[in-house]
Visitor: 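This is the structure I want to talk about, given as structure tokens.
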Number of protein chains: 2
Amino acid sequence: MTRVLLADDHQLLRQALRRAFEDSGVMVVGEAADGEEATRLVDELRPDIVVMDVTMPVLDGVEATRRIHSAWPDLPIVMLTMHGEAELRAEAVRAGAAAFLTKDSSMQEVVATVLATAAGEALSPDLASTILAEFAETGTTLPPRPAESPLTKREEEILQHIADGYSTSEVAAKLFISGKTVKNHLASIYDKLDARDRTQAVLSAVRIGIIRIA
Amino acid sequence: MTRVLLADDHQLLRQALRRAFEDSGVMVVGEAADGEEATRLVDELRPDIVVMDVTMPVLDGVEATRRIHSAWPDLPIVMLTMHGEAELRAEAVRAGAAAFLTKDSSMQEVVATVLATAAGEALSPDLASTILAEFAETGTTLPPRPAESPLTKREEEILQHIADGYSTSEVAAKLFISGKTVKNHLASIYDKLDARDRTQAVLSAVRIGIIRIA
DNA sequence: GGAGCGATAGGTCGTACGGCCTACTGCCGG
DNA sequence: CCGGCAGTAGGCCGTACGACCTATCGCTCC
């Protein structure tokens, strides 16, 4: 019998999934309320498959997937998410997720996907299309971070420092370059991000997720 | 028999709740995937009670609750939320929610709360404590917005415009005040948010959630 | 080998920005 | 009734900022 581990911080959903699985002859061997607990229970219970929510306290689903996948490369992990953000999908794929479902799915879909994945279907059709799209886009194997950022590494570095609260001259000092060069990079950043000042540039970068907000 | 309307954008959770209710002899007369649909179905189906998620597309649960409550003041509405944020609870109470549950609750708790609420228990113990705490805190009736923001309304307004991409003089023009006054407000904002320029002020405000990031 | 780009650096210019100050009005609370 | 705060407005000053320009170096791609 298929042995599944559920990881979701909402008890309500865990109960719902447990019932759906048990009705379909799938055994739920454990439940985790956060990513840390999930990684621990995987080691302890050795499930055949893991169903994991993306957003969880302590350790989020993507990071937990990354850790579990590196320890148990053959263990399929099905991810659940609130909404089907493309960015998140790509991230989940990189972390090692075998399938990807939104919570808009029905119980039947979830169970079917889990059974199919456990049975060896490498990738859900849904996930396959995401991957194919990514391959087509980058033309290579999955890099650690494709970063569809329009900025160069240096530009991102400079903008990050600006977001961290440093002035032009302070950024220059930190990077051992001229303040003039920092301003040049900023001008290029404004151009690329369609921003007219550092405030808008930082907000744009935050929006598209290329810089970290302290 | 108690007739309940479910409003949640996640089919998975709706199915789970429907089952739990039906097993307990509660009739689910309808399901809504967003707040707008919920308000419409209430008019159409006249349920005895509504169970509604806070976060939903089109029209969020709080706003939907507000509308339903103003149209049907006697219809009890039980709100579900991901996490038990105090701010959200207060907001939900003001909107007219009769009870408040997090998704960390078990199915049994949800069903029990819904039955108790439908049976006439005005407020769940949980909710009552929230309300009492709020009264103790403010000492008055519920104000429209407690807003633990260090900024005044005007300052928030100005900072929001800055975040929206407007310059000092543009903000002044939009608000029909002098550019000098805008700068005065900004100086006050920098002081309160411990920021040294508009970029840091906007980021601080985003962090503490007092301005909306476009 | 040249074209192109990223990173570096510089110049100039106008202005927006931010610090620090005074001042008046209206309102609320003691 | 007066003190304090929010909102309004102004002056002054130094400088950081952003626009626009040229220029060099090294790398890669064709």
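These numbers come from a predicted model, not from an experiment. Letters A, B, ... are given to chains in the order of the sequence lines, protein chains preceding strands, and every chain is numbered from 1.
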Visitor: Calculate the interatomic distance between B:Arg196 atom CZ and C:dA16 atom P; express it in whole Å.
Guide: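 Between P of C:dA16 and CZ of B:Arg196: 22 Å.
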
Visitor: I'd like to know if B:Lys174 pairs up with B:Glu170 as an ion pair, taking the criterion as any Lys NZ or Arg NE/NH1/NH2 lying under 4.0 Å from an Asp or Glu carboxylate oxygen.
Guide: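 No, B:Lys174 and B:Glu170 are not salt-bridged.
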
Visitor: Compare all side-chain heavy atoms of A:Val42 with those of A:Arg46 and state whether any distance is below 4.5 angstrom.
Guide: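 No. Closest side-chain heavy atoms not under 4.5 Å.
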
Visitor: Please examine the side chains of B:Asp9 and B:Asp34, heavy atoms only from C-beta on, and report whether any two atoms are closer than 4.5 Å.
Guide: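 Answer no - side chains too far apart.
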
Visitor: First and last nucleotide of DNA chain D in contact with chain B, 5' to 3', at under 4.0 Å to a heavy atom: what are they?
Guide: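 Span of nucleotides near chain B: D:dA6 to D:dC12.
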
Visitor: Any salt bridge between A:Glu157 and A:Arg154, counting N to O under 4.0 Å?
Guide: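 Yes, A:Glu157 and A:Arg154 are salt-bridged.
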
Visitor: Using atom types as modelled and distance alone, determine if a side-chain donor or acceptor of B:Thr65 lies under 3.5 Å from a backbone N or O of B:Gly61.
Guide: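 At least one qualifying donor-acceptor pair exists.
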
Visitor: Show the numbers, then the answer: is there a side-chain contact (heavy atoms from CB on, under 4.5 Å) between B:Met52 and B:Val78?
Guide: CA-CA 6 Å; B:Met52 176 138 54; B:Val78 175; over 6 Å; no

Visitor: Over how many whole Å does the gap from B:Lys183 atom NZ to C:dA16 atom P extend?
Guide: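 The answer, rounded to whole Å, is 9 Å.
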
Visitor: For side-chain contact (heavy atoms from CB on, under 4.5 Å), just list the numbers for B:Val62 and B:Val54, CA-CA rounded to whole Å, side-chain angles, deciding distance to a tenth of an Å, and then say yes or no.
Guide: CA-CA 6 Å; B:Val62 174; B:Val54 170; 4.2 Å; yes

Visitor: Are any of the side-chain nitrogens in B:Lys153 or B:Glu156 under 4.0 Å away from the carboxylate oxygens of its partner?
Guide: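 No, no charged N to carboxylate O under 4.0 Å.
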
Visitor: Write down the protein N/O and nucleotide N/O pairs, taken from nucleotides 6-11 of chain C, whose separation is under 3.5 Å; answer none if there are no such pairs.
Guide:
residue, atom, partner, partner atom, Å
C:dA7, OP1, A:Thr152, OG1, 3.3
C:dA7, OP1, A:Arg154, N, 3.4
C:dA7, OP2, A:Thr152, OG1, 2.7
C:dT8, OP1, A:Arg154, NE, 3.1
C:dT8, OP1, A:Arg154, NH2, 2.5
C:dT8, OP2, A:Arg154, NE, 3.1
C:dT8, OP2, A:His185, NE2, 2.8
C:dA9, OP2, A:Ser178, N, 2.4
C:dA9, OP2, A:Thr181, OG1, 3.1
C:dA9, N7, A:Asn184, OD1, 2.9
C:dA9, N6, A:Asn184, OD1, 3.3
C:dG10, OP2, A:Ser178, OG, 3.1
C:dG10, O6, A:Asn184, ND2, 3.4
C:dG11, O6, A:Lys180, NZ, 3.4

Visitor: In whole Å, I'd like the distance from the CZ atom of B:Arg198 to the C1' atom of C:dA16.
Guide: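 After rounding, the reported distance stands at 8 Å.
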
